Amino acid sequence: MAEVERERMEYDVVIVGAGPAGLAASIRLKQLAAAAGSEIGVCVIEKGSEVGAHILSGAVFEPRALNELIPDWKERGAPLNTPAIDDRFLLLTERRSYRLPTPPQMHNHGNYIISLGNLCRWLATQAEELGVEIYPGFAAAEVLYDDDGRVCGVATGDMGIGKDGQPTASYTPGVELRGRETLFAEGARGSLTKMLVERFHLRDGCDPQTYAIGLKELWEIDPAKHRPGLVVHTVGWPLDNRTYGGSFLYHLEGGQVSVGFVIGLDYENPYLSPFEEFQRFKTHPAIRGFFEGGRRIAYGARALNEGGFQSIPRLDFPGGALTGCAAGFVNVPKIKGSHTAMKSGMVAAEAVFARLGGDERASVRAALERSWVWDELYRVRNIRPSFRMGMWAGLAYSALDTYLFRGKAPWTLHNHADYDRLARADAVPPIAYPRPDGKISFDRLSSVFISNTNHEEGQPAHLKLRDPEKAISINYRLYDSPEQRYCPAGVYEIVDDGPGGGPGNGTSGSKRLQINAQNCVHCKTCDIKDPEQNIDWVVPEGGGGPNYPNM
Ligand SMILES: Cc1cc2nc3c(=O)[nH]c(=O)nc-3n(C[C@H](O)[C@H](O)[C@H](O)COP(=O)(O)OP(=O)(O)OC[C@H]3O[C@@H](n4cnc5c(N)ncnc54)[C@H](O)[C@@H]3O)c2cc1C
Ligand code: SF4
C-alpha cells in the first residue's frame, strides 16, 4: 500500500481514553493553566462512539477525588443522586444466605450509587467548558515516537481497511495527534499501554498485574421491591472455595438495580464460565426475588485490575505517563477504582504540567507516591493475595490484617500472573450449568444483543492470534478452549468442519477456532487469560464496540 500522508494535529497534552482518569487529568491541566495565567492545548480521544459508551462499572462512587477536582459538583449538576444508605454483606450457600458483619472497607456511608458512564458524560461537559477538545469515535491504534525514541503522540487507526488488510473504497487514513506529553488512560489492560510497558520495561521490579472479569446487568425492578441506596455484596455460592469472586447489587435511581458478578482471573478450572456463574447467582433463593417481575435492560462486561500496591508499575516514560486503571489503582477490598483513577489522573496532570513548564525532573510516579492513593493501596495490599489460600482462609486473614495489623503487617504478599493458573482440562471436572429460564437467567447471545455492540463489517478481526496453530494444538487439546467460556460475548467458538477428535486425546481432527469479532464488548479478558498469551486485543475501527447506556 502506498504511503499516505496522515493529517496531523498538535497539542501540549494528548490523552488516550475518556474514562474517569483521562477526563480528570484533562480538567486538572486546564485548571492549572488557568491558575498560572497560561494557555494549554489538551485533547482526549475515546474509542467509544460517545463518551461513556464503553464505560462499565458497579458503581458505588467515593467522591473524594471529585471533591478535590470540582468542589461545587453538586451545584454544577453532577449525576450523584443516590446516597448509599444501607450496606449488607451476605455469605451464600446453595440454598441459604447468612448476613456477615460488613468489613470496614465496604462501609459506604458518604458514597453514592451512580452510573459511571453518566458521570463520565458529565465530566466531559465540564472538560469541554474549560476548552478541552474531546474526540469520541477515535481509537488510538499506534504510539508515535520521535527520532530519539521519545513518545510524541498517537495515531488513530485507518478506516476502511478490508478483511484482507487492503484499503477499500471507503479508506480514510488515520490522524496523528501529536503531543509534547501523552497520557495513557485506557483503563484495565490498555492495548497501547501493553506495548509501552514492554518497550520501556515499566513492570521491571514490581509484581505482575492481576485482574478479574466483571459482568453486569441493569434491571428495572418492581417498584415495591426497590430500595434506593441499598448496597448488597455476596461471597460464596455459586463459586467454590478456591475461586475468588462475588456479586454486587446496587439500588440506584429511577427504579433501577445494577447487578453484577466479579471473578478473579486466577481461577483454575478451564470449564468455568464467568457468564454462567453470574446467571446462576441470580437464581439463588435470597436473590431471585429482587428480579421477579422486573425487566433486564442492559448487559456488559469489563476486566478490572486486582494487583493493587505491589503491582503498580513505573508510570513515567520519555514523553508521557500511564494513569488510572491502565496502570492499576483499584482498591480491591473496597471494590472501587474510580476515585483512585481520578486522583491518579489529577496528579499525573500536575506532574506533566510541571514538566511542560521546564521541570524535567517532575515525575508522575513520585507525585502519586505523595498522594493519598499510595497510602490507601498500601494498607490493603495483602488482602487480595491472601485469598489464594481459599475463601475461608482469605476472609480470616483479611480480618486479622485489617483489625490487628491495621494494614501495617511487616510483610507483603505477592501476586502471580493470571494466565498460568489454569489446570489441564483432563485434571478437573467439567461444570454443568443449568439452562437459562429467559426470565431471571439468560443466554449469552441475547445478552450481547442488549449491549448494543456493533463493529463496522468487513474490517480485519481486532483479536489477533500470535500463532494461529496454538488455538487447537494447545488451547483446544490441553484446556478444551477456555476462551469459549470465559469470553462474555461468545466471540470464540470451536467449530467442526468434519469428523474429528476431542480434547485430551491428542487429535483435533477438523476442529478450528472461529472468532466472531463483531460481538466483542472490549472487556479484554482474552488478552489477559489466554494460557499462552497468544491473543492480542487491538483496537477495531473507532466507534466500534458496545454502546452502553448508563453502565
Ligand atoms: C464490574 C465492575 C464493577 C466496578 N465497580 C466499581 C465501583 O463500584 N466503584 C468504583 O469506584 N470502581 C468500580 N470499578 C472500577 C472502576 O470502574 C475503574 O477503576 C475505573 O473505571 C477506571 O477508570 P479509568 O479511567 O482508568 O479507565 P476506564 O473507566 O476503563 O476508561 C478508559 C476509557 O479509555 C477508552 N480507551 C481505551 N483504550 C483506548 C484507545 N486505544 N483509544 C481510545 N480510547 C481508548 C475506553 O473506551 C474507556 O472509555 C468496577 C469495575 C468493574 C469492571
Ligand atoms: S473477545 Fe476478548 S475482549 Fe472481546 S468480549 Fe471476548 S473476551 Fe472480551
Side-chain angles (χ1 to χ4, degrees), residues 15-25 44-48 51-62 65 84 108 111 113-114 116-117 119-120 135-143 154 156-157 184-193 211-216 231 248 250 258 260-262 274 300-305 322-331 334-342 344-345 448 451 453 461-463 483 486-492 515-517 519-530 535 537-540 542 545-546 548 551:
I15 299 175
V16 181
L23 291 167
V44 181
I45 62 166
E46 166 54 50
K47 66 180 164 62
V51 172
H54 288 184
I55 298 291
L56 181 143
S57 192
V60 178
F61 181 71
E62 182 178 311
N108 282 304
N111 297 335
I113 303 178
I114 64 160
L116 189 63
L119 178 65
C120 288
Y135 299 110
F138 287 91
E142 182 190 338
V143 182
V154 291
T156 63
F184 292 82
E186 295 179 289
R189 198 68 166 198
S191 46
L192 297 184
T193 302
Y211 300 87
I213 177 173
L215 304 106
K216 172 176 166 181
V231 171
F248 61 85
Y250 305 148
S258 155
F261 208 85
V262 173
R302 179 79 173 96
L304 59 153
N305 311 107
L322 306 181
T323 187
C325 274
F329 302 117
V330 171
N331 179 330
K334 273 191 183 175
I335 335 173
K336 292 186 184 61
S338 312
H339 64 306
T340 45
M342 285 185 72
S344 74
V448 178
S451 68
T453 297
H462 65 281
L463 301 141
E483 59 274 22
Y486 64 59
C487 173
V491 167
Y492 298 99
I515 301 182
N516 306 310
N519 284 357
C520 173
V521 297
H522 297 201
C523 75
K524 315 283 180 75
T525 301
C526 50
D527 194 289
I528 298 163
K529 187 62 176 169
D530 183 72
I535 302 176
W537 187 100
V538 301
V539 287
Y548 295 138
M551 294 285 264

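Atoms within each ligand, like the ligands themselves, are counted from 1 in listed order. Residue numbers count from 1 along this sequence. This structure is a prediction, so every number in the text was calculated from the model and none was measured.
Minimum interatomic distance between Val521 and Pro488 (heavy atoms only, all atoms of both residues): CG2-CG, 4.2 Å. Of all non-hydrogen atoms in Trp537 and Asp527, the two that sit nearest each other are N-OD2, 2.8 Å. Between Ala65 and His339 the shortest heavy-atom distance is CB-O, 3.4 Å. Between Cys520 and Thr453 the shortest heavy-atom distance is O-CG2, 3.3 Å. Summarising the geometry of Ala59 relative to Ser258, their closest heavy-atom pair is N-OG, 4.5 Å, with the distance given to 0.1 Å. The shortest heavy-atom contact between Cys523 and Arg302 is O-NH1, 3.4 Å.
In this structure, Glu46 is part of the shell of residues with a heavy atom less than 4.0 angstrom from ligand 1. Not a single heavy atom of Gly260 sits less than 4.0 Å from an atom of ligand 1. In this structure, Ala185 is part of the shell of residues with a heavy atom less than 4.0 angstrom from ligand 1. Under the 4.0 angstrom criterion for non-hydrogen atoms, Phe329 is not in contact with ligand 1.
Each of the atoms 1 (S), 2 (Fe), 3 (S), 7 (S) of ligand 2 lies under 4.0 Å from some heavy atom of Cys526. In summary, the atoms of ligand 1 found under 4.0 Å from a heavy atom of Val539, numbered by their order in the structure, are 41 (N). The atoms of ligand 1 that sit less than 4.0 Å from any heavy atom of Phe138 are 43 (C). Which parts of ligand 1 touch Cys325 is read off a 4.0 Å heavy-atom cut-off, strictly below it: atoms 18 (C), 19 (O), 22 (C), 26 (O). Of all atoms in ligand 2, listed by their number and element, those nearer than 4.0 Å to a heavy atom of Leu463 are 1 (S). The atoms of ligand 2 that sit less than 4.0 Å from any heavy atom of Val491 are 1 (S), 6 (Fe). Close approach to Ile45 involves these atoms of ligand 1, each under 4.0 Å from a residue heavy atom: 43 (C), 44 (N). Which parts of ligand 1 touch Ala341 is read off a 4.0 Å heavy-atom cut-off, strictly below it: atoms 22 (C), 23 (O), 26 (O). For ligand 1, the atoms lying closer than 4.0 Å to a non-hydrogen atom of Ser338 are 10 (C), 11 (O), 12 (N), 16 (C), 19 (O). With ligand atoms numbered from 1 in the order given, ligand 1 contributes 26 (O) to contacts under 4.0 Å with heavy atoms of Gly324. Heavy-atom contacts of Trp537 reach the following atoms of ligand 2: 3 (S) (cutoff under 4.0 Å).
With distances taken over non-hydrogen atoms, the option nearest atom 53 (C) of ligand 1 out of Arg302, His54, His522 is Arg302. Taking only non-hydrogen atoms, the option from Ile335, Leu116, Leu304 nearest to atom 52 (C) of ligand 1 is Leu304.
Put simply, the side chain of Lys216 gets close to the backbone of Gly58: a donor and an acceptor are under 3.5 Å apart. Under a 3.5 Å cut-off, the side chain of Asn331 and the backbone N or O of Lys334 do form a donor-acceptor pair. Checked by atom type and distance alone, the side chain of Ser344 pairs as donor or acceptor with a backbone atom of Gly324 at under 3.5 Å. Judged purely by atom type and a 3.5 angstrom limit, Glu46 uses its side chain to pair as donor or acceptor with the backbone of Ala18. Judged by distance alone, the side chain of Thr323 and the main-chain N or O of Ala185 form no donor-acceptor pair under 3.5 Å.
The proximity of Val330 to ligand 1, defined as any non-hydrogen pair under 4.0 Å, is limited to the side chain. Counting heavy atoms closer than 4.0 Å to ligand 1, residue Ala140 contributes atoms from both its backbone and its side chain. Residue Asn305 does not touch ligand 1, judged by heavy-atom distances below 4.0 Å. Of all the heavy atoms of Asn519, none lies under 4.0 Å from any atom of ligand 2, so neither backbone nor side chain is involved.
Considering both main-chain and side-chain atoms, Lys336 never comes within under 3.5 Å of ligand 1 through any nitrogen or oxygen pair. On a distance-only criterion, Lys524 and ligand 1 share no N/O pair closer than 3.5 Å. At a 3.5 angstrom cut-off on N or O pairs, His339 does not count as close to ligand 1. Below 3.5 Å of separation, one finds an N or O of Gly58 facing an N or O of ligand 1. Where the criterion is an N or O separation shorter than 3.5 Å, residue side chain and backbone included, Phe248 fails it with respect to ligand 1. The distance criterion of under 3.5 Å between nitrogen or oxygen atoms is met by Pro20 with respect to ligand 1.
Remark: minimum distance from atom 16 (C) of ligand 1 to any protein heavy atom is reached at Ser57 OG, 3.6 Å. What sits closest to atom 31 (O) of ligand 1 on the protein, heavy atoms only, is Gly19 CA, 3.5 Å. The protein heavy atom nearest to atom 28 (P) of ligand 1 is Gly187 CA, 3.9 Å. With hydrogens left out, the protein atom closest to atom 34 (O) of ligand 1 is Gly17 CA, 3.1 Å, a heavy atom. Looking at atom 8 (O) of ligand 1, its nearest protein heavy atom turns out to be Val60 N, 2.8 Å. For atom 37 (C) of ligand 1, the closest non-hydrogen atom on the protein side is Glu186 O, 3.2 Å. In this structure, atom 4 (Fe) of ligand 2 lies nearest to the protein heavy atom Cys520 SG, 2.3 Å. The protein atom (non-hydrogen) at minimum distance from atom 12 (N) of ligand 1 is Gly337 N, 2.9 Å. In terms of protein heavy-atom proximity, atom 5 (S) of ligand 2 is closest to Val521 N, 3.4 Å. For atom 25 (O) of ligand 1, the closest non-hydrogen atom on the protein side is Ala21 N, 2.9 Å. Atom 3 (S) of ligand 2 has as its closest protein heavy atom Lys524 N, 3.1 Å.
Checking each of Leu192, Leu322, Val539 against Glu186 for a side-chain contact (heavy atoms from CB on, under 4.5 Å) leaves exactly one that passes, namely Leu192.
Here the straight-line distance linking atom OH of Tyr486 with atom SG of Cys526 works out to 5.5 Å at 0.5 Å rounding. If you take CD1 on Ile55 and CG on Leu116, they are separated by 5.5 Å, rounding to the nearest 0.5 Å.
The closest side-chain heavy-atom distance from Phe248 to Val231 is not below 4.5 Å.
Within 6.0 Å of OH in Tyr250 there are more than 12 heavy atoms belonging to other residues, nucleotides or ligands.
Distances from atom 2 (Fe) of ligand 2 show that Cys487 has no N/O/S atom below 2.8 Å. Taking backbone and side-chain atoms together, Cys523 has an N/O/S atom less than 2.8 Å away from atom 8 (Fe) of ligand 2.
A side-chain donor from one of Asn108 and Lys336 sits under 3.5 Å from a side-chain acceptor of the other.
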